[in-house]
Chemist: 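One structure follows; several queries about it will come next.
Letters A, B, ... are given to chains in the order of the sequence lines, protein chains preceding strands, and every chain is numbered from 1. On a predicted model such as this, the values are computed, not experimentally measured, just so you know.
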Number of protein chains: 2
Amino acid sequence: MKTPSSYFLSDHTIPLNDYFVFGLSIDCVVFGYHEGEIKVLLVQRDVEPFNGHWALIGDLVEPDKNLEEAANNVLENLTGLKNIYMKQFFTFGSVDRHPLGRVVTVAYFSLVNSMNYQPIASSWAKSAEWININNLPELAFDHYTILCKGIETLKNEVRHKPTGFELLPKKFTLLELQLLYEALLGYKFDKSNFRKKIQEMNILRPLNEFKLNVSHRPAKLFEFDEKRYRTLEKEGFSFEL
Amino acid sequence: MKTPSSYFLSDHTIPLNDYFVFGLSIDCVVFGYHEGEIKVLLVQRDVEPFNGHWALIGDLVEPDKNLEEAANNVLENLTGLKNIYMKQFFTFGSVDRHPLGRVVTVAYFSLVNSMNYQPIASSWAKSAEWININNLPELAFDHYTILCKGIETLKNEVRHKPTGFELLPKKFTLLELQLLYEALLGYKFDKSNFRKKIQEMNILRPLNEFKLNVSHRPAKLFEFDEKRYRTLEKEGFSFEL
DNA sequence: ATTATTAGTGTTTCATATGCAATATAAGAT
DNA sequence: ATCTTATATTGCATATGAAACACTAATAAT
C-alpha cells in the first residue's frame with residue numbers, strides 16, 4: 001500500500017488513507033490533421049459505464065508512474081506512437097464527473113502528424129476512429145467538456161506558438177502549412193502575404209527537396225527549425241499568425 | 001468511504017480502492033502588486049515535513065469538494081478574501097514530489113488587488129508574507145517549480161488577456177496601469193502611445209474622479225469595463241499589449 | 001507546342017505602430 | 001506670483017505590417 005497514512009499536511013486531523021483518497025486518471029485529446037480537416041481520435045467503449053458511448057482515450061494512473069509517463073503510455077498503447085508532442089492543459093475534478101466515485105482526471109492534448117497507422121483496439125474498446133471535430137458524437141463522462149476545452153486550448157496556442165507544425169509531417173510545403181492554419185483558425189490567408197510573413201520569421205529551414213509526381217510546378221519542402229526558434233524566442237521574438 | 005471500489009475503467013483488474021489511490025491537494029500562487037513590484041504570498045511552515053521552510057498556501061482537497069471550491073477555500077482561509085480572480089494552471093504529480101506519499105497537487109494562481117489586510121496565520125504556519133518574486137527564499141516540496149510555472153503562466157497571460165487589471169484596485173490611473181504592465185512584462189512603454197492605445201481599445205471606463213492630495217496635477221481614475229470587453233471579444237477583438 | 005494547374009514572386013496601396021517633441025493643465029511648495 | 005512636478009493631449013515623421021492583386025515559373029497531360 002503506497003498511500004500516505006497519518007498524513008498531516010495542514011491542520012486536518014484525519015488520516016489521509018481513510019478519507020482523503022482519490023482515483024486519478026489521464027485523458028488524452030489526440031488531434032490529427034488530414035485533408036484540410038482537424039480530427040480527434042475517439043474510441044467506442046465496450047465496458048460499463050457508458051458502454052457503447054464514444055470517449056477520449058485514457059486510463060487510470062498507476063501509483064508509481066509520473067503523469068507524463070502515464071500520458072505517454074495511454075497514447076502508445078492505443079496508437080503505438082512514441083515521442084509525440086503532448087501537453088497537459090487542464091485537470092477536471094468535479095465531484096460527480098464519474099458515476100462510480102471520485103476520480104480526478106488530468107487532461108493532455110497531443111498532436112500527431114501521421115495518421116497512417118492502425119489504432120489498436122483494446123480490450124475495453126470496440127473501435128477507434130478519427131473524427132472531425134465539427135461532427136462529434138455524444139461522449140461518455142464529461143469528455144465533451146474536456147474535448148471542447150482541449151480544442152479551445154489548441155486554437156489559442158497555435159496563434160502564439162509554433163505548435164501547429166506538430167500536426168504536419170516533418171517536411172511540408174508552405175501551402176500545406178497555410179491550409180493547416182486556415183483549418184485551425186477558421187479563416188483564410190492571402191497566399192503571398194502568408195508566405196512572406198512566415199519566411200521572414202526565420203524559423204523554417206528550406207530544403208533542396210520538392211514534392212514529386214505532381215502535374216504542376218513542384219512545391220519546395222521546408223522543415224521547422226526548432227533550435228532556431230528557441231534561440232529567437234530567448235532574444236524576444238514571439239510567434240504570431 | 002467515498003472511494004470507488006471494484007472500478008474497471010479500462011482493462012485493469014485491480015480494485016481501485018486497494019491500489020489506485022492518491023492524495024490530492026491544491027496549491028495557490030497568490031500574486032499581488034505593490035509599488036512597482038510583483039509579489040507572491042508565502043507562508044512559513046510550522047509542521048513537518050519542511051518545518052521552517054517557506055511554502056505556497058495550499059491544502060488537501062476534501063472528497064466532497066470541487067477543485068474550484070477547494071481553491072477558493074484555501075485562499076479565503078488564509079486571507080479572508082472572497083471572489084478573487086483564480087485560475088487553474090497546472091497539475092503537478094511527480095511520484096516523489098511529496099516525501100510522505102503520492103500526493104498530486106492542482107495549482108492555481110490568483111491575483112489580489114488589495115494587500116491591505118492581515119494574512120491569517122493558521123495552525124500550521126508561523127507567518128505569512130508578501131515576497132518579491134525576484135527575491136525568493138528556498139521553498140518546500142516542489143513549490144519553487146510550481147511558482148516558476150505560475151509566474152510564466154501569468155506573464156504569458158497578461159499579454160493576451162486583460163488579466164492584469166485584477167492586480168490593481170478597482171479605480172486606477174493610466175500611469176499605474178502602465179507601471180504595472182512594465183513590471184509584468186519587463187520593458188518600458190512610451191507614455192503617450194500607451195495611453196492612446198489602451199484608451200482606443202474602449203475597455204476602460206473613465207470616471208469623474210481624481211487622485212487626491214498630490215502635489216501636481218491630479219490623475220484621472222479609470223475602471224476596467226469587463227462587460228464591454230466581453231462584448232468586444234465576441235466581435236473578434238483581442239487584447240494585446 | 002499548347003494548355004491546365006498550382007507554385008511562387010513582386011508591387012502598390014493603405015492603415016497602423018512607434019519614437020520623439022512640443023505644449024497645455026492642475027495641483028502643492030516656495 | 002512663480003516654481004516644480006506629473007498629468008494629459010496633440011502633432012508629426014518614420015517604420016512596419018496588412019490587403020489586394022498581378023505577374024512569372026515549372027511540371028504533367030493533351
Chemist: Specify the separation, in whole Å, of atom CZ of A:F222 and atom P of C:dA7.
Modeler: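 Atom-to-atom, A:F222 to C:dA7, this comes out as 12 Å.
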Chemist: Confirm from the modelled atom types if A:K220 and C:dG8 form a donor-acceptor pair under 3.5 Å, side chain to base only.
Modeler: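 Donor-acceptor pair under 3.5 Å: no.
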Chemist: Verify, without hydrogens or angle tests, whether B:T173 (side chain) and B:A219 (backbone) share a donor-acceptor contact under 3.5 angstrom.
Modeler: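 No; zero donor-acceptor contacts below 3.5 Å.
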Chemist: How many whole angstroms separate atom CZ of A:R195 from atom P of C:dT6?
Modeler: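 The distance from CZ of A:R195 to P of C:dT6 comes to 14 Å, rounded to the nearest Å.
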Chemist: Look for any protein N or O under 3.5 Å of an N or O in nucleotides 11-17 of chain C and output each such pair with its distance, or none.
Modeler:
none

Chemist: Rounded at 0.5 Å granularity, tell me how far CG in A:D27 sits from CZ in A:F90.
Modeler: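 So the gap between those two atoms works out to 13.5 Å.
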Chemist: Does B:K161 count as lying over the ring of B:F239, i.e. NZ or CZ under 6.0 Å from the six-ring centre, within 45 degrees of the axis?
Modeler: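 Not flagged: B:K161 not positioned over aromatic ring of B:F239.
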Chemist: Determine, using ring centers only, whether B:F189 and B:Y187 are less than 6.0 Å apart.
Modeler: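 Centroid distance B:Y187-B:F189: below 6.0 Å, so yes.
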Chemist: Are the aromatic rings of A:F31 and A:Y33 close, with centres under 6.0 Å apart?
Modeler: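 Here the rings of A:Y33 and A:F31 have centres that are no less than 6.0 Å from each other.
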Chemist: Between A:Y229 and A:F237, how do the two ring planes meet: parallel, tilted or perpendicular, split at 30° and 60°?
Modeler: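 If you compare the ring of A:Y229 with that of A:F237, the planes turn out perpendicular.
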Chemist: Any side-chain donor-acceptor pair under 3.5 Å between B:N193 and B:D190?
Modeler: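 Per modelled atom types, B:N193 and B:D190 side chains form a pair under 3.5 Å.
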Chemist: So which protein N/O to nucleotides 26-30 of chain C N/O distances come out below 3.5 Å?
Modeler:
{"unit_1": "C:dA26", "atom_1": "N3", "unit_2": "B:R217", "atom_2": "N", "d": "2.9"}

Chemist: Mind running a 4.0 Å heavy-atom check of residues 170-180 of chain A against DNA chain C and sending the residues that fall below it, in number order?
Modeler: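 When residues 170-180 of chain A is checked for heavy atoms under 4.0 Å from DNA chain C, the hits, listed by number, are A:L175.
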Chemist: Do side-chain atoms of A:H53 reach the backbone of A:L139 as a donor and acceptor pair under 3.5 angstrom?
Modeler: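 Checking the backbone N and O of A:L139 against the side chain of A:H53, no donor-acceptor pair under 3.5 Å is found.
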Chemist: Between B:E240 and B:H160, do the side chains contain a donor N or O and an acceptor N or O under 3.5 Å apart?
Modeler: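 A pair is found: one side chain offers a donor N or O, the other an acceptor, under 3.5 Å apart.
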Chemist: Check whether the ring centres of B:F165 and B:F172 lie less than 6.0 Å apart, and answer yes or no.
Modeler: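 Yes.
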Chemist: Does anything in residues 205-212 of chain A come within less than 4.0 Å of DNA chain C? Heavy atoms only, and list the residues if so.
Modeler: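 Listed by number, there are none.
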Chemist: For B:R159, enumerate each residue passing the salt bridge (Lys or Arg N to Asp or Glu O under 4.0 Å) test, keeping only those at least two apart in sequence or located in another chain.
Modeler: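 With sequence neighbours excluded, B:R159 shows a salt bridge (Lys or Arg N to Asp or Glu O under 4.0 Å) to no residue whatsoever.
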Chemist: Walking along DNA chain D from 5' to 3', note the first and the last nucleotide with an atom under 4.0 Å from a heavy atom of chain B, and give both.
Modeler: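 The contact span of chain B on DNA chain D goes from D:dT5 to D:dT10.
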Chemist: With a 4.5 Å heavy-atom cut-off, do A:Q88 and A:T91 have their side chains touching?
Modeler: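 Side chain of A:Q88 against side chain of A:T91, heavy atoms only: contact under 4.5 Å found.
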